[in-house]
Amino acid sequence: MLILTRKSGESITIGDEIKIQVIEIKGKQVRLGIEAPRKFSIHREEVYIRIQEENKRAASKAPLTLKTFGDLWKKKK
């Protein structure tokens, strides 16, 4: 892990496309601004973990086959 010290208003860059700037430091909280192309998903860690858990849960369910899709379609009519 790379550990850097930055002051309010200072930033770091990751590659040519990502810039992270310290916007404000208040007590024990740091506000960060992140500039990155839309192709990158940026989440707080707790949100990212929830997304991963939800994806694992969805992947573990039985896949939707043509037959089960047809059965579901009939039920909705």
Original post:
Does the pair Leu32 and Val22 meet the rule for a side chain to side chain contact (heavy atoms under 4.5 Å, CB included), with working shown?
Top reply: CA-CA 5 Å; Leu32 300 174; Val22 178; 4.2 Å; yes

Original post:
So which residues get pulled into Met1's cluster when ILVMFWY side chains under 4.5 Å apart are joined, directly or through others?
Top reply: Ile3

Original post:
Of all residues at least two apart in sequence or in a different chain, which pass the side-chain contact (heavy atoms from CB on, under 4.5 Å) check with Arg44?
Top reply: Glu46, Val47

Subject >> Nearest-0.5 Å distance, NE2 of residue His43 to CZ of residue Arg50 >> reply: 10.5 Å

**OP:** Please name all residues satisfying salt bridge (charged side-chain N to carboxylate O under 4.0 Å, His left out) with Lys26, sequence neighbours left out, ordered by chain then number.
**Re:** Glu24

Original post:
Who pairs with Arg57 by salt bridge (charged side-chain N to carboxylate O under 4.0 Å, His left out), at least two apart in sequence or on another chain?
Top reply: Glu54

Hey, can you pull the donor-acceptor pairs under 3.5 Å for the side chains in residues 9-18, sequence neighbours left out?
from	atom 1	to	atom 2	distance (Å)
Glu10	OE1	Lys7	N	2.7

Subject >> Considering all heavy atoms, the nearest Ala36-Ile42 contact >> reply: CB-CD1, 3.9 Å

**OP:** Give a yes or no on whether Arg31 atom CZ has more than 12 heavy-atom contacts from other residues, nucleotides or ligands under 6.0 Å away.
**Re:** no

